[in-house]
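Below: one structure, written as structure tokens.
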Number of protein chains: 2
Amino acid sequence: MIVAREYLQSFGIRPSVQRVAVMHYLLTHRTHPTVDEIYSELVNEIPTLSRTTVYNTLHLLYEHGAILALCIDGVNTHFDGYTSPHAHFRCSQCGKIYDVDLDDVAFVERNTPKNASIVTDAQLYYKGVCAACANKSN
Amino acid sequence: MIVAREYLQSFGIRPSVQRVAVMHYLLTHRTHPTVDEIYSELVNEIPTLSRTTVYNTLHLLYEHGAILALCIDGVNTHFDGYTSPHAHFRCSQCGKIYDVDLDDVAFVERNTPKNASIVTDAQLYYKGVCAACANKSN
DNA sequence: AGTATTTTTGTAATGATTTCAAAAACGAAA
DNA sequence: TTTCGTTTTTGAAATCATTACAAAAATACT
């Protein structure tokens, strides 16, 4: 948790118990969880935790650039504590979201829209069926 | 409308009045509209049109690969009748979604996830503030 | 025409997210 | 450490996009 606390402070975010817990969860779980997945886990260690606080916190972290927000399945927003440039792949069968390495990390930046005055975010995602699910259904 | 009708048939989609109207709208409006924007326009020419039909139709068109579905603002799904490889840029100020050309169209395909058995869709999007909005607020 | 199939429609339900105001926690100053 | 102002958290209620569903309408087939 010490890491999460300092990480938050490096973004100028006050490290409340709830914020540290959310940030810590994202730094230690590379599963791209939803609000509800985060809430359901953390409410065990913080019984008074409110879903709204999780929403508020994720919003705050996102605004400060401390986490990524993935709009990929059209239903839930998924969150990622790993902010280095990479893409995502969502399996429509199992719903898992995988990280995808890029052969040319500068590509996204190089193609920044010409009419953009500020760019705050860029995401590349793939959808399909993962190898694990393809094997199962054979 | 003749173009939309034939376009649908080329995907093996039965060209009902409603489907042709939706497809025609997307082929003639490069604005990445939402379900509601499409519905509100088309209900003028098809007074009995139902929102559910627009949902059904867009779903069908998407499943057949006739249109793109953009999950970019976390609230509404936006649709695009222009399916050639390109990225998108959403201005968080005005909400407009712009098309973005890519300097290397093969990039996305080249970085297809290694653990993907099937890839059905790939999207690259940017978020930020467009030049038009940046000028206004100065 | 008559029947089976597909498509459309409208209403009701679902469920993620936001709103909002009160309560609690925190920080600074004395 | 008390007090006061500010920030944060909380929970209930509201919002709103999307889905479920079953009846009605349109279409295809014989």
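One finds no side-chain N or O of B:Ser50 lying less than 4.0 angstrom from the OP1 or OP2 phosphate oxygen of C:dT8. Within the structure, every side-chain polar atom (N or O) of A:Thr77 is placed at least 4.0 Å from both OP1 and OP2 of C:dA16. OP1 or OP2 of C:dT9 lies within a sub-4.0 Å distance of a side-chain N or O belonging to B:Thr53. In this model, the phosphate group of C:dT9 is approached by a side-chain N or O of B:Gln18 to a distance below 4.0 Å at OP1 or OP2. Checking the phosphate oxygens (OP1, OP2) of D:dT9, a side-chain nitrogen or oxygen of A:Arg19 falls inside 4.0 Å.
Between the OH atom of B:Tyr39 and the C1' atom of D:dA17 there is a distance of 15 Å, rounded to whole Å. For the pair B:Glu37 CD and D:dT18 P, the interatomic distance rounds to 11 Å; values are reported in whole Å. Look at CZ on A:Arg51: it is 12 Å from P on D:dA12, rounded to the nearest Å. In this structure, A:Leu42 atom CG and D:dT9 atom P are separated by 13 Å, rounded to whole Å. When the P atom of D:dA26 is taken as reference, atom CD1 of B:Ile46 falls 13 Å away, rounded to whole Å. Between the CG atom of B:Asp73 and the P atom of C:dT17 there is a distance of 12 Å, rounded to whole Å. The nearest whole Å value for the distance from the CD1 atom in B:Ile38 to the C1' atom in D:dT18 is 14 Å. Protein atom CG of B:Leu58 is 14 Å distant from nucleotide atom C1' of D:dT19, rounded to whole Å.
No side-chain donor-acceptor contact under 3.5 Å links B:Tyr126 and A:Asn111.
Of the residues near DNA chain C, B:Thr57 and A:Arg14, the one whose nearest nucleotide (by heavy atom distance) lies more toward the 5' end is B:Thr57. Where A:Thr52 and A:Leu60 meet DNA chain D, the nucleotide closest to each residue was compared, and A:Leu60 sits on the side nearer the 5' end.
The two atoms that bring B:Ala66 and B:Tyr7 nearest to each other are O-OH, 2.9 Å, heavy atoms only.
Taking NZ of B:Lys136 as the start and OG of A:Ser117 as the end, the distance is 12.5 Å to the nearest 0.5 Å.
Counting any heavy atom pair closer than 4.0 Å across all strands shown, B:Asp36 reaches no nucleic acid atom. Note on B:Thr48: only backbone sugar-phosphate atoms sit closer than 4.0 angstrom, heavy atoms only; bases stay farther off. Here A:Ser16 lies in heavy-atom contact (under 4.0 Å) with sugar-phosphate atoms only. Looking at heavy-atom distances under 4.0 Å, A:Thr34 makes no contact with the nucleic acid at all.
Direction of the helix axis in the helix from C:dA1-D:dT30 to C:dA30-D:dT1 shifts by 30° between the two five-pair termini, rounded to 10°.
Ring geometry for A:Tyr98 against A:Phe89 counts as parallel: the plane angle stays under 30°, on a 0 to 90° scale with 60° as the upper cut.
Using a cut-off of 4.0 Å between Lys/Arg side-chain N and Asp/Glu carboxylate O, B:Asp36 and B:Arg51 are scored as salt-bridged. With salt bridges taken as basic N to acidic carboxylate O contacts below 4.0 Å, one links B:Asp104 and B:Arg110.
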Checklist entry - Going through the distances and angles, do B:Tyr55 and B:Tyr39 end up as a side-chain contact (heavy atoms from CB on, under 4.5 Å)? => result CA-CA 9 Å; B:Tyr55 274 102; B:Tyr39 170 77; over 6 Å; no
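When the nucleotides D:dT18, C:dT8, C:dT18 are ranked by their closest atom to the side chain of B:Asn76, D:dT18 comes out on top.
In this structure, B:His59 places its NE2 atom where only 12 or fewer heavy-atom neighbours from other residues, nucleotides or ligands lie under 6.0 Å away.
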